[in-house]
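Structure record follows, encoded as structure tokens.
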Protein chains: 2
Amino acid sequence: MARREEKVAEIVGHAWELARSQGFQGLSLRALATRVGMRQPSLYEYFASKDALYDAMFADANRQLLARLEALSLPADPRRALKSFFGTFTQFALEDDVRGQLMFLRPIPGFVPTPESYSWAQDVLGRAVDLLVAAGVTDPGDIDCFVAMVAGLITAQSSNEPGGDRWTRHLDRMIDLHLDDAQPRSTT
Amino acid sequence: MARREEKVAEIVGHAWELARSQGFQGLSLRALATRVGMRQPSLYEYFASKDALYDAMFADANRQLLARLEALSLPADPRRALKSFFGTFTQFALEDDVRGQLMFLRPIPGFVPTPESYSWAQDVLGRAVDLLVAAGVTDPGDIDCFVAMVAGLITAQSSNEPGGDRWTRHLDRMIDLHLDDAQPRSTT
DNA sequence: GTCTATACATCGATAGAC
DNA sequence: GTCTATCGATGTATAGAC
């Protein structure tokens, strides 16, 4: 019976709406229950704790991102593929503030994703690493720097000028910069 | 009479200790008052609200950083000066988790520094920009990318491997990469 | 300037009837 | 599975005696 899963998905959807309008701070079980149309204790029928709700949201966000990335038809050229992949990644991270925060920062004190939920995030990272290797970035240090660079642009954009492109417009140029830098060392 | 300032500084010091051991979440006025040796309502003699306490901590952290940076005797060579400056900056940001979070992230929902406190942070950024310009990085976009790169390394290090150097060890190399990239365009 | 006492709100979570 | 009722804790902030 999928009735339960549907209800869980519905609750998570309302939780996102609430978090978007009030922040994670305003995401109380009472407010959530009211929005869903039930009483606060009834939520415990679907989530054993508030952290379990957060965990479901975290997994949901990462599944969304994975679906978005899998829907891409990547160019054969590794460099263009990387730009498409991380361009989509960046757009996804920035188009929804609270979702991006939950995925990439730690906006909720004390909450740590379960390994099950975190595996979705690792899946995304794995695809990124595959593309980087295909583009000639094989050194682990170079991969770390590349990922940190993208995260740096996203974080700066999100916290200083949400909705703008002051930082993200440099993404392709920064990708080229990192690829050119890593290339000589990998092709020996 | 500086009695009052001394007491304020003492309270802020205890607040840092408490935040370090319990996180910002555990920084309650009750716990802080207990640690200081007074009752919770007495704190209102020194801070009009809890946000005022946060603001004092924010200003304190930025003043600490500014003092650390001003104590540096920077090399004459702009490139070496940049590495010294941002190396110190990075070390400062990472040597105290909660302090770095308060300065560079938004760990406290709803708290926004007052303009007076924020001016200290702008002072730090101003010095960084001066050094970048002296090193030939004059394009605002290049400056944005450079700052985002440093922040990206710090954030990755802090959130994935606090205490280590998996990301920060690439700082000098990344600085060279960005400087070499910006140079041709600035010297025409 | 520090205290006691307390107001007042909000929260997550549980017990138990239905 | 949903409800009412409530527990127990925490939080900021204020009133007023001393």
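Numbered from 1 within each chain, the chains take letters A, B, ... in sequence-line order. Everything numeric in this text was worked out from a predicted model, so none of it was measured.
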Could you run down the sub-3.5 Å N/O contacts of the protein with nucleotides 13-18 of chain C?
unit_1: C/dA13; atom_1: OP2; unit_2: A/Tyr44; atom_2: OH; d: 2.6
unit_1: C/dA13; atom_1: OP2; unit_2: A/Lys50; atom_2: N; d: 3.0
unit_1: C/dA13; atom_1: O5'; unit_2: A/Tyr44; atom_2: OH; d: 3.1
unit_1: C/dA13; atom_1: N7; unit_2: A/Gln40; atom_2: NE2; d: 2.7
unit_1: C/dA13; atom_1: N6; unit_2: A/Gln40; atom_2: OE1; d: 2.8

Pairs of donor and acceptor atoms involving the side chains of residues 51-67 of chain A, under 3.5 Å and at least two apart or interchain, shall be tabulated with distances.
unit_1: A/Tyr54; atom_1: OH; unit_2: A/Lys50; atom_2: NZ; d: 3.2
unit_1: A/Asp55; atom_1: OD1; unit_2: A/Thr114; atom_2: N; d: 2.9
unit_1: A/Asp55; atom_1: OD1; unit_2: A/Thr114; atom_2: OG1; d: 3.3
unit_1: A/Asp55; atom_1: OD1; unit_2: A/Ser117; atom_2: OG; d: 3.3
unit_1: A/Asp55; atom_1: OD2; unit_2: A/Thr114; atom_2: OG1; d: 2.6
unit_1: A/Asp55; atom_1: OD2; unit_2: A/Ser117; atom_2: OG; d: 2.8
unit_1: A/Asp60; atom_1: OD2; unit_2: A/Trp16; atom_2: NE1; d: 2.8
unit_1: A/Asp60; atom_1: OD2; unit_2: A/Gln64; atom_2: NE2; d: 3.0
unit_1: A/Gln64; atom_1: OE1; unit_2: A/Arg99; atom_2: NH1; d: 2.7

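B/Ser28 comes within 4.0 angstrom of sugar-phosphate atoms only, judged by non-hydrogen atoms across all strands, and of no base. A/Tyr46 comes within contact range of the sugar-phosphate backbone alone, with a heavy-atom separation under 4.0 Å but no base atom that close.
Between A/Leu94 and A/Ile154 the shortest heavy-atom distance is CD2-O, 3.7 Å.
Atom CZ of A/Arg39 is separated from atom P of D/dT6 by 15 Å (rounded to the nearest Å). The CE-P distance, from B/Met38 to D/dA13, rounds to 16 Å in whole Å. Distance B/Arg3 CZ to C/dT2 P: 12 Å, rounded to the nearest Å. Here the P atom of nucleotide C/dG12 and the CZ atom of A/Phe111 are 15 Å apart, to the nearest Å. Summarising the geometry, the separation between CZ on A/Phe47 and P on D/dT2 is reported as 13 Å, rounded to the nearest angstrom. Rounded to an integer number of Å, the gap from B/Phe24 CZ to D/dG11 P is 15 Å. Distance A/Gln25 CD to C/dA9 P: 18 Å, rounded to the nearest Å. Note: CD (B/Glu45) to C1' (D/dT14) measures 14 Å, nearest angstrom.
For the pair B/Arg4 and C/dG1, the criterion of a side-chain N or O lying under 4.0 Å from OP1 or OP2 is met. Between D/dC3 and A/Ser42, a contact under 4.0 Å exists linking OP1 or OP2 to a side-chain N or O.
Through direct or relayed side-chain contacts under 4.5 Å between Ile, Leu, Val, Met, Phe, Trp and Tyr, A/Val112 connects to no other residue.
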Original post:
When you look at B/Gln22 and B/Val98, which way does the side-chain contact (heavy atoms from CB on, under 4.5 Å) test go after all the steps?
Top reply: CA-CA 10 Å; B/Gln22 309 283 347; B/Val98 294; over 6 Å; no

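Residue pairs satisfying the salt bridge (charged side-chain N to carboxylate O under 4.0 Å, His left out) criterion with at least one member in residues 12-28 of chain B, sequence neighbours excluded, are listed as follows: B/Glu17-B/Arg35, B/Arg20-B/Asp96. Residue pairs satisfying the salt bridge (charged side-chain N to carboxylate O under 4.0 Å, His left out) criterion with at least one member in residues 153-172 of chain B, sequence neighbours excluded, are listed as follows: A/Asp144-B/Arg166. Contacts classified as salt bridge (charged side-chain N to carboxylate O under 4.0 Å, His left out) and involving residues 65-77 of chain A (residues at least two apart or in different chains) are given here: A/Arg68-A/Glu95, A/Glu70-A/Arg127.
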